[in-house]
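Since the structure comes first, as structure tokens, the remarks are kept for the end.
Just so it is clear, the structure is predicted and the values come from calculations on it, not from any experiment.
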Amino acid sequence: MRSEITIDLGALRRNAQTLLRALEGSQLWAVVKADAYGHGAVDCAAAALDAGASAVCVATVPEALLLRAELPQARILVLGPTANREVAQARAAGLELVVASGDIPEGVPVHVKLDTGMGRWGVSELPSLTRDVVGVMTHLATADSDLTFARAQVERFRAATEPVAELTRHVTNSAGALRLPEARFDAARCGIALYGISPFGEDAAADGLQPVLGWQTEIAQTRLLRAGESTGYGRRFVAEGETWIGILPVGYADGFRRDLTGTQVRVAGELRRVVGAVSMDATAVELDRELPPGTPVTLIGHGVPIESHANVAGTIAYELACGIESGPTRARRVVHDQG
């Protein structure tokens, strides 16, 4: 076994319920784009809906069509831009679309996106709304870092949409759902928190969230380095004295990135440091003793938070989760669903 990825749908359901409590009556729309941030879109969407989410959100029409085949009754919203040729597909599949211009398609439910400060998709002011428009929305740029700017976005949106308050209004993301009550409106589009990952790069448990994803591997080989000997490309780790290292059969092709040198994983339940250059198919960890091949290693989960890896890599946990290769040629994927 190269590695095993475990998905705990019970944890996802509990996270959905935690978010619903925080939203105090606003709807929870589960964001499952990018294969549910690497967690598996169909499984996660079904679990979120079962736990009380009212809709699921994806980035593209093809993502939505994959979900529709498995979830024929679900409300599915496509957040990203839609090509003209995809509108007919969306109409036939009963999808809802987001538009970020004054060009509103006919015969399909539409949400108009207002740019209040993200500076990305969206119109600067609402166009004339047709009968197909069912919602208006915006997206917060700094709900995880600058609440003052986020509140200014909320107030711009509130003022601009007050004349159409009968439509569904939705603004907030995971960070806003947890920290910004005034951003709740009618629905919240939550992604990262649903998977038990902190949108703030902190301990997710502080917000009552439980990690959904676990990633395990095992030692494939143990080696004793003498003083002056090294491991890996570029000799980035040179032993100062006799040093045991364990070689793991995962690397950056599996999503354990090259910039994770220096992070910690659990080997036989104990935290151990990743040393040397992470290569495409192998990673070295420093040990305090010889351990046999097959010794279990936890890469993520069970005391190895993905947020810690993100801090070492200088990125966000979203990127790490999306980058894990869970295809059958690289890993075994196991889904647990115990409520």
Practice problem: Please lay out, stage by stage, how Glu4 and Val334 fare under the test side-chain contact (heavy atoms from CB on, under 4.5 Å). | Solution: CA-CA 7 Å; Glu4 180 177 275; Val334 178; 3.7 Å; yes

Any ion pair linking [Y] and [X] (charged N to carboxylate O, less than 4.0 Å)?
| X | Y | result |
| --- | --- | --- |
| Glu63 | Lys33 | no |
| Glu270 | Arg289 | yes |
| Arg330 | Asp281 | yes |
| Arg272 | Asp288 | yes |
| Glu229 | Arg223 | no |

Exercise. Look at atom NE2 of His302 and say whether more than 12 heavy atoms of other residues, nucleotides or ligands are closer to it than 6.0 Å.
Key: no

Self-check item: Phe149 atom CZ: more than 12 heavy-atom contacts under 6.0 Å
Solution: yes

What's the shortest heavy-atom distance between [X] and [Y], and which atoms?
| X | Y | value |
| --- | --- | --- |
| Ala310 | Ile316 | CB-C, 3.7 Å |
| Ala45 | Val56 | CB-CG1, 3.8 Å |
| Glu307 | Glu202 | CG-O, 3.4 Å |
| Leu19 | Cys190 | CD1-CB, 4.0 Å |
| Ala220 | Pro249 | CB-CD, 4.1 Å |
| Thr172 | Ala183 | CB-O, 3.5 Å |

Linking I/L/V/M/F/W/Y whenever their side-chain heavy atoms sit closer than 4.5 Å, directly or via other members, would [X] and [Y] fall into one cluster?
| X | Y | answer |
| --- | --- | --- |
| Met280 | Leu320 | no |
| Leu167 | Val108 | yes |
| Leu178 | Tyr318 | yes |
| Leu67 | Leu65 | yes |
| Leu77 | Trp121 | no |

Quiz item: Step by step, would you call Ile219 with Val297 a side-chain contact (heavy atoms from CB on, under 4.5 Å)?
Solution: CA-CA 7 Å; Ile219 289 178; Val297 178; 4.0 Å; yes

From [X] atom [atom1] to [Y] atom [atom2], the distance as rounded to the nearest 0.5 Å:
| X | Y | atom1 | atom2 | answer |
| --- | --- | --- | --- | --- |
| Gln338 | Leu9 | CD | CG | 10.0 Å |
| Arg156 | Ser124 | CZ | OG | 12.5 Å |
| Asp337 | Asp43 | CG | CG | 8.0 Å |
| Thr295 | Glu290 | OG1 | CD | 9.5 Å |
| Asp50 | Arg13 | CG | CZ | 4.5 Å |
| Leu260 | Ser308 | CG | OG | 11.0 Å |

When you measure from the side chain of [X] to the backbone of [Y], do you find a donor-acceptor pair of N or O atoms at a distance under 3.5 Å?
| X | Y | value |
| --- | --- | --- |
| Asn173 | Gly176 | yes |
| Arg333 | His39 | yes |
| Thr298 | Gly301 | no |
| Gln89 | Val61 | no |
| Thr283 | Val250 | yes |
| Asp186 | Arg169 | yes |
| Thr138 | Leu114 | yes |
| Arg68 | Leu71 | yes |
| Thr217 | Arg2 | yes |
| Ser174 | Ala193 | yes |

Do [X] and [Y] have side-chain heavy atoms sitting under 4.5 Å apart?
| X | Y | answer |
| --- | --- | --- |
| Gln210 | Asn15 | yes |
| Val164 | Leu129 | yes |
| Met137 | Thr168 | no |
| Asp115 | Val123 | no |
| Ile306 | Pro211 | no |
| Ile197 | Tyr37 | no |
| Leu213 | Ile324 | yes |
| Leu209 | Thr18 | yes |

Self-check item: Identified side chain to side chain contact (heavy atoms under 4.5 Å, CB included) counterpart of Pro127 within the set Val112, Val99, Asp103
Solution: Val112

Exercise. Check whether NZ of the Lys or CZ of the Arg Arg179 lies under 6.0 Å from the centre of the six-membered ring of Phe200 and within 45 degrees of that ring's axis.
Key: yes

Exercise. Classify the side-chain pair Arg257/His309 by whether it contains a donor and acceptor separated by less than 3.5 Å.
Key: no

Quiz item: So, Thr222 and Trp244: side-chain donor and acceptor under 3.5 Å apart, yes or no?
Solution: no

Quiz item: For His170, which of Trp29, Phe157, Phe185 qualifies under ring pair (Phe, Tyr, Trp, His ring centres under 6.0 Å)?
Solution: Trp29

Exercise. Would you check, one step at a time, whether the test side-chain contact (heavy atoms from CB on, under 4.5 Å) holds for Val32 with Val58?
Key: CA-CA 6 Å; Val32 295; Val58 295; 3.8 Å; yes

Practice problem: Give the C-alpha distance, both sets of side-chain angles, the deciding distance and a yes or no for side-chain contact (heavy atoms from CB on, under 4.5 Å) between Val154 and Thr116. | Solution: CA-CA 8 Å; Val154 169; Thr116 60; over 6 Å; no

